[in-house]
2 protein chains.
Amino acid sequence: MSIEKDLFKLKPIAYTTMADQVENHLREYIIKRSIKPGDPIPKETEIAQALGVSRNVVREALSRLRMLGMIESRKKRGMILTQPDVMKGLELIIHPTILDESVRKQLFELRLVLEVGLGDLLFRRKTEEQLKKLDAIVEREQKATTQIERIRCEVDFHSMLYEMAGNETLHRFQDILMPVFEYVVEYESKLDHTSVGSVTHADLVKILYANNAEAYPNAMRKHLMPHLDHL
Amino acid sequence: MSIEKDLFKLKPIAYTTMADQVENHLREYIIKRSIKPGDPIPKETEIAQALGVSRNVVREALSRLRMLGMIESRKKRGMILTQPDVMKGLELIIHPTILDESVRKQLFELRLVLEVGLGDLLFRRKTEEQLKKLDAIVEREQKATTQIERIRCEVDFHSMLYEMAGNETLHRFQDILMPVFEYVVEYESKLDHTSVGSVTHADLVKILYANNAEAYPNAMRKHLMPHLDHL
DNA sequence: TACCTGAATATGTAATACTTAATGCAGCTG
DNA sequence: CAGCTGCATTAAGTATTACATATTCAGGTA
């Protein structure tokens, strides 16, 4: 008998609660009926009755969807579907201190990958005005006297690149990941002495001005080389 | 009086429920006390009493955190913090049909950016075995007779690249975004006649074998050029 | 010692009642 | 008739209570 018991001990992980099931039901409901943002969804009581569960459980499921920005609710009007922010879910989880070391490292790698690949978006969408801003940041950096100020410029420069890429989702992605980047940069700075890549910010700006899309990826690679070498 | 009314009409959006507040309280609690995965968190009743709300509200908040994989609960042991999957939140939201056109487009751009920038991870981590698999895919593709089969190979090839990058988070990211990519590819294929970039999969494999990290980004850019031109 | 049993405990679910905000309708007033 | 007032209605938010279920632990028995 103890043997049988052991066999069953492998299973019980797959336990799903009523709230989980209701949540999935609602997802399917939304997808199958191709409900669009602005459209109403059934009342809490209706859902509860239809699925044969307590209103309590339904509220838990709805609460989750609301957190993700998939639905909104008004006191009498009921609940309506909304266009969710795709990056909302990421934002809710990412906090440097609760992520373990290896995940932080992976996210940082992700950043390096993004910046090297960013070129084509930049060249298609950059504006004169944005290039001027980059110039200003580079200038500020060269005049900087403190380490703090230099790091600020570093962050501003790379943030500006994401903005220039003209992709709202990507920009938001970077914004969410920023705290993680800072965390890693601080960590790395303790290892070696802030070694700088052979390509500077000024060099990168020059390439952008020159419309040299071919040169960009490898220039950025060289700029980021100190980080890449940590991989 | 109607003027005053208009002034106030701008405000009422900022409504937060008890569940929202409890959720935030719990987040702070976890962060401030730097609770680590495996550590227990207070019982539902304790939280409810401490914050002066009903257990119901607490459960809604906990339910949300559980969905994101931040906590797990066992019948008696109480609830413990777990290492969340950073990409879980994304997975919960992303479904091609509920994302609007512009967001899908932005995610697809994100993919292009990633693949161009992927080089340095690939060259540092690729194994002989993985390269052989790429060879096999290319061979399969060349023998393919149907369009369906060719598309399968296309997907397999690019998926394999992400796998080779040896970054679990990135790989998962790609996995989640896949349905969106397929959606866009299908859309594009209606526009022009599946124009192929001047660099083939076989060319890319050759570069990987040759350990030519400098050549990779621009080769991939050329490979993806048909997509890039849609930007 | 090994096994069974039952109490204690914390989460999961249900049911009910009340509060609050928004909406609409009906009726009143000018 | 127009416009305002106020009441009824509706649906979400919150609270309370009770019970089900599973897990842990301690204590008793062979």
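Every chain is numbered from 1 and lettered A, B, ... according to where its sequence line falls, protein lines coming before strand lines. These numbers come from the heavy atoms of this one structure, side chains and all, not from hydrogens, waters or symmetry mates.
To the nearest angstrom, P of dA15(D) lies 11 Å from CD of Q21(B). Remark: P of dT16(D) and CD of E44(B) are 16 Å apart, rounded to the nearest angstrom. Protein atom CZ of R74(B) is 13 Å distant from nucleotide atom P of dT11(C), rounded to whole Å. What separates CD of Q49(B) from P of dT16(D) is a distance of 11 Å, to the nearest Å. We find that CG of L51(B) is positioned 11 Å from P of dA15(D), with the value rounded to whole Å. Distance M79(B) CE to dT23(D) C1': 15 Å, rounded to the nearest Å. Residue Y15(A) contributes atom OH, which lies 10 Å from atom C1' of dA20(D) at whole-angstrom precision. Rounded to an integer number of Å, the gap from K75(A) NZ to dA11(D) C1' is 9 Å.
Once rounded to the nearest 0.5 Å, the distance linking CD1 of I94(B) with CZ of R104(B) reads 11.5 Å. Taking OH from Y216(B) and CG from D120(B), the interatomic distance works out to 10.0 Å, rounded to the nearest 0.5 Å.
Judged by distance alone, with hydrogens and angles left aside, the side-chain atoms of Q106(A) form a donor-acceptor pair with the main-chain N or O of T169(B) at under 3.5 Å. Checked by atom type and distance alone, the side chain of R125(A) pairs as donor or acceptor with a backbone atom of A165(A) at under 3.5 Å.
Using a 3.5 Å distance cut-off with no hydrogens or angles, the side chains of T45(B) and R55(B) do not pair a donor with an acceptor. No side-chain N or O of S159(A) forms a donor-acceptor pair with one of D156(A) less than 3.5 Å apart.
Along DNA chain D, the nucleotide nearest to V53(B) and the one nearest to T45(A) differ in position, and the one closer to the 5' end is contacted by T45(A).
Residues passing the ring pair (Phe, Tyr, Trp, His ring centres under 6.0 Å) test with H158(A) are H201(A), H223(A), sequence neighbours excluded.
Across residues 54-73 of chain B, S54(B), R55(B), N56(B), V57(B) each have a non-hydrogen atom less than 4.0 Å from an atom of DNA chain D (numbered order).
Nearest nucleotide to the K76(B) side chain, out of dG12(C), dA15(D), dT9(C): dT9(C).
Using a cutoff of 4.0 Å between basic side-chain nitrogens and carboxylate oxygens, R124(B) and D229(A) are scored as salt-bridged.
Side-chain contact between L114(B) and L110(A) is present, with heavy atoms from C-beta onward closer than 4.5 Å.
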Give every pair of a protein N or O atom and an N or O atom of nucleotides 6-8 of chain D that lie under 3.5 Å apart, one pair per line with the distance.
none

